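In this text the structure is predicted, and so the values were computed from the model without any measurement.
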Amino acid sequence: MLPISPMPMQPMGGYGSKPPGAEKKIAAGICGIIVGSFGVHKFILGYQTEGIIMLVAWILGLIFTCGIASLAIQIIGVVEGIIYLTKSDEEFVQTYILNKKAWF
């Protein structure tokens with residue numbers, strides 16, 4: 001008599017598996033929408049220079065343009081967050097993890 005496994009084994013790369021790096025998609029997308037002006041979504045993806053640029057631009061825009069430039073940085077963060085969330089897992093990994101596309 002053969003033992004019966006309670007859960008069938010799925011092969012690697014089968015239904016339900018995600019490519020490595022896809023787990024960052026949701027976090028980066030939501031952070032881009034909520035706190036995109038601080039560049040948090042850039043830091044999540046490993047783009048430290050771009051994250052610092054967004055943070056400094058937000059601070060300087062707040063000081064020197066009474067928030068107008070900061071609003072533009074926030075809009076960039078929201079747009080990038082939406083772009084991240086609308087891409088498929090494979091496309092997201094290919095574009096932002098493997099090819100390191102830093103902006104949009």
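Summarising the geometry, atom NZ belonging to Lys25 is positioned 11.5 Å from atom CD1 belonging to Ile97; distances are rounded to the nearest 0.5 Å. Interatomic distance, Lys100 NZ to Leu45 CG, rounded to the nearest 0.5 Å: 8.0 Å. A distance of 9.5 Å separates CG in Leu62 from OG in Ser37, rounded to the nearest 0.5 Å. In this structure, OG on Ser70 lies 11.5 Å from CZ on Phe64, to the nearest 0.5 angstrom. Interatomic distance, Ile44 CD1 to Lys24 NZ, rounded to the nearest 0.5 Å: 9.0 Å. Here Gln94 contributes atom CD and Ser88 contributes atom OG; the two are 10.0 Å apart, rounded to the nearest 0.5 Å.
Glu23 meets the side chain to side chain contact (heavy atoms under 4.5 Å, CB included) test with no other residue; sequence neighbours excluded. For Gln48, the side chain to side chain contact (heavy atoms under 4.5 Å, CB included) criterion is met by Phe43, not counting sequence neighbours.
For Ala69 against Gly61, the heavy-atom pair with the smallest separation is CB-CA, 3.7 Å. Smallest separation of non-hydrogen atoms from Glu80 and Met54: OE1-SD, 4.3 Å. Contact between Leu85 and Gly29 at its shortest, heavy atoms only, is CG-CA, 3.8 Å. Gly77 approaches His41 most closely through the heavy-atom pair CA-CE1, 4.0 Å. Taking every heavy atom of both residues into account, Ile34 and Gln74 meet most closely at O-NE2, 4.1 Å.
Transitive grouping of hydrophobic side chains (ILVMFWY, heavy atoms separated by less than 4.5 Å) brings Ile83 and Trp103 into a common cluster.
Relative orientation of the Tyr96 and Tyr84 rings is perpendicular, given thresholds of 30° and 60° on the angle between their planes.
Judged by distance alone, with hydrogens and angles left aside, the side-chain atoms of Asp89 form no donor-acceptor pair with the main-chain N or O of Ala22 at under 3.5 Å.
Of the residues listed (Ile52, Ile59, Ile53), the one engaging Leu55 in a side-chain contact (heavy atoms from CB on, under 4.5 Å) is Ile59, and it is the only one.
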